[in-house]
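Shown next, in structure tokens, is the structure this report addresses.
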Protein chains: 2
Amino acid sequence: MATIKDVAKELGISVSTVSRALNNHPDIKEQTKKEILEVIKRLNYTPNALARGLIHKKTNTIGLMIPDIADPFFSEIANGVEEVLTEVGYQVVYGNTMRNPDKEKLFLSSAKERQMDGLIVTPNFMDEKLLEQFQRLQIPVVFLRRRSPEGLAAPFVDVDHYKGACMAMEHLIGLGHRHIGFIGMPELSFLAELRYQGYVDTMHAHGLTPNPNAITRGGRTIAHGREAMSRICEQNKDLTAIFAANDLLAIGALEWLAIQGIPVPEKMSVVGFDNLEVASLHWIKLTTIAQPRKQMGEEAARIIDRMIREETYQAQSVFFEPELIQRNTCREV
Amino acid sequence: MATIKDVAKELGISVSTVSRALNNHPDIKEQTKKEILEVIKRLNYTPNALARGLIHKKTNTIGLMIPDIADPFFSEIANGVEEVLTEVGYQVVYGNTMRNPDKEKLFLSSAKERQMDGLIVTPNFMDEKLLEQFQRLQIPVVFLRRRSPEGLAAPFVDVDHYKGACMAMEHLIGLGHRHIGFIGMPELSFLAELRYQGYVDTMHAHGLTPNPNAITRGGRTIAHGREAMSRICEQNKDLTAIFAANDLLAIGALEWLAIQGIPVPEKMSVVGFDNLEVASLHWIKLTTIAQPRKQMGEEAARIIDRMIREETYQAQSVFFEPELIQRNTCREV
DNA sequence: CTGAAAGCGCTTACAG
DNA sequence: CTGAAAGCGCTTACAG
């Protein structure tokens with residue numbers, strides 16, 4: 001590949017001058033600049049971003065560490081992030097961790113080695129080693145869709161998962177439901193815990209007792225929802241409603257109910273969480289809790305951008321409000 | 001951030017020695033190495049990948065340029081790519097182009113500036129400027145889910161879209177359908193054209209004439225499918241089947257049919273293309289053409305890796321076979 | 001307006 | 001086994 005030296009040599013001038021032409025420096029003769037630009041084109045020269053980055057101590061790169069880009073939840077967040085960040089000249093590097101702790105650690109090391117300017121992260125589970133890595137990072141970080149861990153002065157952008165779960169439960173209880181089951185995500189997950197707590201606390205707040213037989217935890221897929229629904233239904237004949245901790249689980253539950261011929265919402269009410277696109281499909285029309293996913297991504301991007309530009313900026317965390325989206329899977333009893 | 005100089009100074013030794021410890025060079029005393037490693041840990045030192053890249057002329061970075069990471073089609077491809085590439089030590093940088101020609105060009109420039117080692121790309125529409133950019137790139141490229149353009153000696157990994165479309169049509173015609181509509185994607189798209197050709201050619205091959213009123217082109221979303229189905233149905237009372245150029249369009253069509261109370265497959269048969277997850281949902285069970293998406297991503301990754309490692313490697317293009325997945329949206333007439 | 005020199009943070013022959 | 005020096009491709013004071 002051609003370097004700045006090649007184009008300088010070609011014209012018998014110094015690299016400083018070529019550099020000036022490249023960077024639109026005012027101290028350069030129009031004619032010289034024109035000649036340089038021509039040679040650049042002819043030699044197919046492109047400035048080397050590594051060399052530039054080394055000098056400027058800036059790479060214009062932001063890392064986005066998320067559990068699974070194929071999860072529609074995160075791909076929309078990612079789009080929000082990317083949209084605002086490319087607008088201001090950054091390239092975003094995705095780190096797909098598949099919720100694998102080793103991959104999370106690997107991505108953080110890589111981010112540091114590669115001198116990324118900032119990081120937007122959704123770690124799945126925060127153990128001590130990961131926390132230490134964050135503390136040693138020396139790169140601005142914002143947490144996305146989860147709160148920042150204790151002992152780390154990083155802002156976060158999140159939705160109030162606990163409140164969202166409470167809203168779902170209040171809706172069900174408000175409709176007269178008393179026997180409400182819960183299909184949850186794996187316990188070690190941060191937000192699985194919050195949504196579960198919302199379920200339990202709201203039950204208690206209304207003098208209801210969560211029935212351990214009507215609670216299942218441990219998955220996040222449609223297949224899991226199907227299985228969980230079948231298990232719960234068989235053990236709880238008096239159940240009239242289900243709160244699923246995410247939409248995929250809810251859809252799995254709906255599938256099982258449809259296959260069994262149990263009509264929704266006549267015999268069973270279902271509420272999900274996330275408001276994925278698929279939830280609004282004609283056959284599903286799931287009542288669920290919406291999070292402004294794209295907005296969350298955009299906000300995180302804006303914060304990291306500002307943190308990088310203003311070293312003294314004390315970023316505030318942002319809580320987005322969840323919203324109940326009423327569709328056709330609930331009825332009054 | 002600490003540099004190699006800092007750790008050298010700390011121990012009163014030269015940077016060369018520190019570098020040797022870092023790179024597991026054999027010519028170094030065990031004791032010295034141990035001391036260096038300790039200081040590295042204490043100073044929280046991480047080698048600077050930019051500096052390394054500058055010297056080695058390698059960044060261990062691969063660009064993946066795709067139209068839309070939130071499109072489940074591409075997110076699965078992306079996962080396949082990432083899986084094999086991270087395994088061999090690369091970081092993959094996504095370029096979400098949203099089918100915007102400017103973004104495609106921007107990403108290619110960026111890739112060159114950043115000295116990416118290789119590129120896997122799915123450009124949406126290949127105009128002259130883009131082609132020229134590819135020709136000037138000087139970076140190994142493999143095309144994914146579309147063929148490489150003429151005038152560029154780059155391999156591709158693709159599925160035979162034309163054949164897939166023919167398979168869908170043969171299935172329908174084999175079931176006795178004669179009046180078959182087509183819901184297509186925007187005409188400028190590369191594969192939209194191929195799938196459309198498959199529709200037209202198969203009709204002709206069976207002595208059938210495609211009816212312009214039963215053909216619609218121009219979208220790729222569920223909303224579009226809904227609208228297209230309504231338009232086609234209103235103008236073609238004798239229609240018994242629809243071939244939709246992708247699953248989202250097919251699902252939109254199914255939605256409209258469901259809303260109108262037109263039973264599928266009793267009154268209307270529908271075939272899609274892509275075999276998205278959502279196509280197998282209990283309420284949809286769409287008959288469609290499957291492409292081995294993840295495998296395609298993996299294969300592209302393997303090819304680019306080998307192209308980078310072996311300069312003389314003459315990569316062969318790979319065609320994956322499409323497959324008809326029969327579910328519940330077609331019947332014999 | 002232009003060039004020579006130093007430096008960004010590292011690696012790698014070369015000499016000892 | 002260790003260090004001094006050159007160099008990767010650029011930018012940026014500084015001098016002229």
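As a basis for the values below, the full set of heavy atoms in this structure was taken, side chains included, without hydrogen atoms, waters or symmetry mates. Quick note on labels: first sequence line is chain A, next is B, and so on, each numbered from 1.
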Problem set entry | Modelled atom types, side-chain donor and acceptor of A:Arg114 and B:Thr61, under 3.5 Å | yes

Problem set entry | Which residues share a side chain to side chain donor-acceptor pair (under 3.5 Å) with A:Arg146, sequence neighbours left out | none

Problem set entry | A:Glu311, CD atom: more than 12 neighbouring heavy atoms under 6.0 Å | no

For this session: Sequence neighbours left out, what passes side chain to side chain contact (heavy atoms under 4.5 Å, CB included) with B:Lys5? Give chain and number order.
Result: B:Thr3, B:Val15

Exercise. Who passes ring pair (Phe, Tyr, Trp, His ring centres under 6.0 Å) against A:Phe74, sequence neighbours left out?
Worked result: none

Problem set entry | Non-neighbouring partners of B:Tyr94 that pass ring pair (Phe, Tyr, Trp, His ring centres under 6.0 Å), sequence neighbours left out | A:Tyr94

Seminar exercise, completed: Bounded by its outermost nucleotides with an atom under 4.0 Å from a heavy atom of chain A, the footprint on DNA chain C reads C:dC1 to C:dG9

Exercise. Of all of residues 10-36 of chain A, which get a heavy atom below 4.0 angstrom from DNA chain C, listed by number?
Worked result: A:Ile13, A:Ser14, A:Ser16, A:Thr17, A:Arg20, A:Asp27, A:Ile28, A:Lys29, A:Thr32

For this session: Output all residues satisfying ring pair (Phe, Tyr, Trp, His ring centres under 6.0 Å) with A:Phe125, sequence neighbours left out; order by chain, then residue number.
Result: none

For this session: Identify, residue by residue, the members of residues 49-61 of chain A with a heavy atom below 4.0 Å from DNA chain C, and return them in order of residue number, or none.
Result: A:Leu54, A:Ile55, A:Lys57

Give every donor-acceptor pair under 3.5 Å between a side-chain atom in residues 27-38 of chain B and any protein atom, sequence neighbours left out.
residue: B:Gln31; atom: NE2; partner: B:Glu35; partner atom: OE2; Å: 3.0
residue: B:Lys33; atom: NZ; partner: B:Asn24; partner atom: OD1; Å: 3.2

Problem set entry | Those residues that, when tested against B:Ser75, pass side chain to side chain donor-acceptor pair (under 3.5 Å) (two or more places apart) | none

For this session: Give a yes or no on whether a salt bridge exists between A:Arg99 and A:Glu104, defined as a side-chain N under 4.0 angstrom from a carboxylate O.
Result: no

Exercise. Who passes side chain to side chain donor-acceptor pair (under 3.5 Å) against A:Tyr90, sequence neighbours left out?
Worked result: A:Lys58

For this session: Check whether the side chains of A:Gln133 and A:Ser109 place a donor and an acceptor atom closer than 3.5 Å, and report yes or no.
Result: yes

Problem set entry | Stem regions touching DNA chain D, defined by at least 3 consecutive Watson-Crick or wobble G-U pairs below 3.5 angstrom | C:1-3 with D:14-16, C:5-12 with D:5-12, C:14-16 with D:1-3

